[in-house]
Amino acid sequence: MKMQAVRYHGPKRPFVLEQVPLPGPGPGEVRVRIEAAGICRTELHFESGLLNLGVAPITMGHEIAGTIDAVGTGVEGRREGDRVIVYYYAGCGECTWCERGEENLCDALRAEYGFINDGGYAEAIVVPERNAVPLPPDLPFEQAAPIGCGVTTAIHAANLARVSPGEVAVIYGVGSVGFGLIQVARLRGARVIAIGRSPAKLAKARELGAEEVVDAAATGDVAAAVRDLTGGRGADVVFELVATRETMLPASRMLAKRGRLVFIGYSEDRFEVHPIDLVIREAVVTASVGNTLAELHEAVKMVSDGQVKTVVDRTLPLERWSEGLDAVRRNQAVGRVVLLPRR
Ligand SMILES: NC(=O)c1ccc[n+]([C@@H]2O[C@H](COP(=O)([O-])OP(=O)(O)OC[C@H]3O[C@@H](n4cnc5c(N)ncnc54)[C@H](OP(=O)(O)O)[C@@H]3O)[C@@H](O)[C@H]2O)c1
Ligand SMILES: [Zn+2]
Ligand SMILES: [Zn+2]
């Protein structure tokens, strides 16, 4: 049996839609019929060669939701017909990171779906039982898929940055992860300032809870704008979701004393800062990658409870993946473009 999949063939090579064998579950594994798979900007970093993990060919896609249609021997907690979302890391279970539940930093990953193993731009995927996290019955798959990276990345970064009540949190770059962060930071009691360039995304940022928005396209000095909005104090936390030359310097200059700059996004550009800008404010530069399994469970609950909304720009059948990738490349999507492999 064969299935369709959108495959990565190495850095600077275009993805290809091709036929691959339909995988079957081994012991302790389940097969998920994929109903929806979100396109993350990270896919563009694979395509450009910026992110090169050295494994090709693989199927792209790490925001994966669907229905279990086959279970391997020894599977006890999942059944055929269960609606699930995939946790994209499978840690070794033995290193110090895994022992602490921080599989995203595992020293010897067994799998990372859509990064070094086949991911979700396909009709099906096989994962260990524990990586198939249950979804509630009333959550549409296309709304659920962006939880897998968009919402979980936001929760992980907010946890690492210890966003606290009364703090000012700047969300620099209001794409899919940014929309998640606006809501998560608000729930932590922060005052949120969102920075973007598209009026439609800034309007959505306000709708999701940003108290102030800064239109970077119409503002000469973005750091000064944030200082003005905070009575000169600056931001306690800045989440960097763009990380280009244009954004990194203002991001570091808008920090308050003891402010934390958290890199989530990255580009071809390097981060250059004069240490004195950090020293005089005891500022902290840090970063966030992926999420833990517990954070995915928390993310599913937050979306199910209506505390956090995912934002879907459009859905497309799998065959039209390149149109979706193009919309992300051109910054035309307000929220996620979600592929529907069953349509
Ligand atoms: N560390 C992790 O675990 C992790 C997880 C997921 C994603 N990522 C990375 O995080 C970044 C964001 O991901 P995403 O999927 O949310 O991307 P996205 O949806 O494309 O969002 C980024 C947004 O930044 C805005 N932007 C671009 N240049 C800007 C500028 N100069 N000033 C202000 N805004 C600007 C763009 O919209 P407008 O220009 O139209 O405003 C775009 O919507 C990517 O680099 C991705 O690879 C990292
Ligand atoms: Zn992602
Ligand atoms: Zn490990």
Side-chain angles (χ1 to χ4, degrees), residues 37-48 50-51 60-64 88-115 119-120 145-157 160 170-182 194-205 213-219 222 239-251 262-269 286-292 295 310-311 313 325 327-337:
I39 300 180
C40 177
R41 194 171 198 92
T42 301
E43 268 82 86
L44 292 175
H45 302 323
F46 273 96
E47 196 190 38
S48 72
L50 177 64
L51 179 62
M60 282 281 93
H62 55 275
E63 286 188 340
I64 310 161
Y88 67 78
Y89 291 102
C92 72
E94 281 159 24
C95 72
T96 47
W97 300 106
C98 283
E99 269 171 17
R100 301 200 315 224
E102 297 186 304
E103 267 168 273
N104 55 312
L105 296 178
C106 173
D107 290 332
L109 278 173
R110 291 205 175 117
E112 192 180 3
Y113 303 104
F115 289 86
I147 297 172
C149 172
V151 179
T152 54
T153 300
I155 292 174
H156 186 69
L160 284 184
V170 167
I171 315 302
Y172 207 147
V174 281
S176 210
V177 180
F179 289 143
L181 260 167
I182 290 167
I195 307 176
R197 301 183 300 185
S198 314
K201 292 178 196 173
L202 291 172
K204 182 55 84 176
V213 300
V214 175
D215 182 347
T219 308
V222 175
F239 294 102
E240 239 294 11
L241 297 146
V242 186
T244 56
R245 191 168 299 284
E246 193 183 333
T247 65
M248 289 186 279
L249 193 60
V262 186
F263 281 102
I264 298 172
Y266 45 92
S267 73
E268 305 282 345
D269 297 344
T286 178
S288 173
V289 69
N291 64 284
T292 67
E295 286 161 347
T310 54
V311 182
D313 177 81
L325 209 63
V328 178
R329 189 181 292 114
R330 293 168 196 267
N331 292 317
Q332 284 165 343
V334 181
R336 279 293 193 239
V337 176

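Remember, it's 1-based here, ligands and their atoms both numbered in the order they're listed. Since we're looking at a predicted model, the values are computed, not measured.
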| task | Quick one: closest heavy-atom pair of Arg336 and Cys149, and the distance? | result | NH2-SG, 4.1 Å
| query | With distance as the sole test, does Glu63 use its side chain to make a donor-acceptor pair with the main-chain N or O of Cys40 at under 3.5 Å? | reply | no
Give me the pairs of N or O atoms, one from ligand 1 and one from the protein, that sit under 3.5 Å apart.
residue, atom, partner, partner atom, Å
ligand 1, 1 (N), Ile264, O, 3.1
ligand 1, 1 (N), Ser288, O, 2.8
ligand 1, 3 (O), Gly290, N, 2.7
ligand 1, 15 (O), Arg41, N, 3.3
ligand 1, 15 (O), Arg336, NH1, 2.8
ligand 1, 16 (O), Ser176, N, 3.3
ligand 1, 16 (O), Val177, N, 3.0
ligand 1, 19 (O), Ser176, N, 3.1
ligand 1, 20 (O), Arg41, NH1, 2.7
ligand 1, 28 (N), Arg197, NH2, 3.2
ligand 1, 31 (N), Glu246, OE2, 3.3
ligand 1, 37 (O), Lys201, NZ, 3.0
ligand 1, 39 (O), Arg197, NE, 2.7
ligand 1, 39 (O), Arg197, NH2, 2.9
ligand 1, 40 (O), Ser198, OG, 2.3
ligand 1, 40 (O), Lys201, NZ, 2.9
ligand 1, 41 (O), Arg197, N, 2.8
ligand 1, 41 (O), Ser198, N, 3.3
ligand 1, 41 (O), Ser198, OG, 3.4
ligand 1, 43 (O), Lys201, NZ, 2.9
ligand 1, 45 (O), His45, NE2, 3.0
ligand 1, 45 (O), Tyr266, N, 3.4
ligand 1, 47 (O), Thr42, N, 3.4
ligand 1, 47 (O), Thr42, OG1, 2.9
ligand 1, 47 (O), His45, NE2, 3.0

| query | Mind checking whether Tyr88 and His62 have parallel, tilted or perpendicular rings, split at 30° and 60°? | reply | perpendicular
| task | Could you please tell me which protein N, O or S atoms lie under 2.8 Å from the Zn ion (ligand 2)? | result | Cys40 SG, His62 NE2, Cys149 SG
| said: Please enumerate all residues that pass side-chain contact (heavy atoms from CB on, under 4.5 Å) together with Thr310, with sequence neighbours excluded. | reply: Gln143, Pro146, Ile147, Val151, Val303
| request: For the Zn ion (ligand 3), state how many protein N, O or S atoms fall inside a distance shorter than 2.8 Å. | output: 4
| said: Are Leu202 and Asp215 packed together at the side-chain level, in the sense that at least one heavy-atom pair is separated by less than 4.5 angstrom? | reply: yes
| query | If every non-hydrogen atom of Val334 is compared with every non-hydrogen atom of Ala200, which pair is closest and at what distance? | reply | CG2-CB, 4.0 Å
| Min side-chain heavy-atom separation Leu105-Val289 under 4.5 Å | yes
| task | Flag the pair Leu160 / Thr286 as yes when at least one side-chain heavy-atom distance between them is below 4.5 Å, and no otherwise. | result | no
| task | Take Thr42 and Tyr266, measure what side chain to side chain contact (heavy atoms under 4.5 Å, CB included) needs, and give me the verdict at the end. | result | CA-CA 9 Å; Thr42 301; Tyr266 45 92; 3.7 Å; yes
| request: Could you go through the side chain to side chain contact (heavy atoms under 4.5 Å, CB included) check for Leu241 and Leu181 one step at a time? | output: CA-CA 10 Å; Leu241 297 146; Leu181 260 167; 4.2 Å; yes
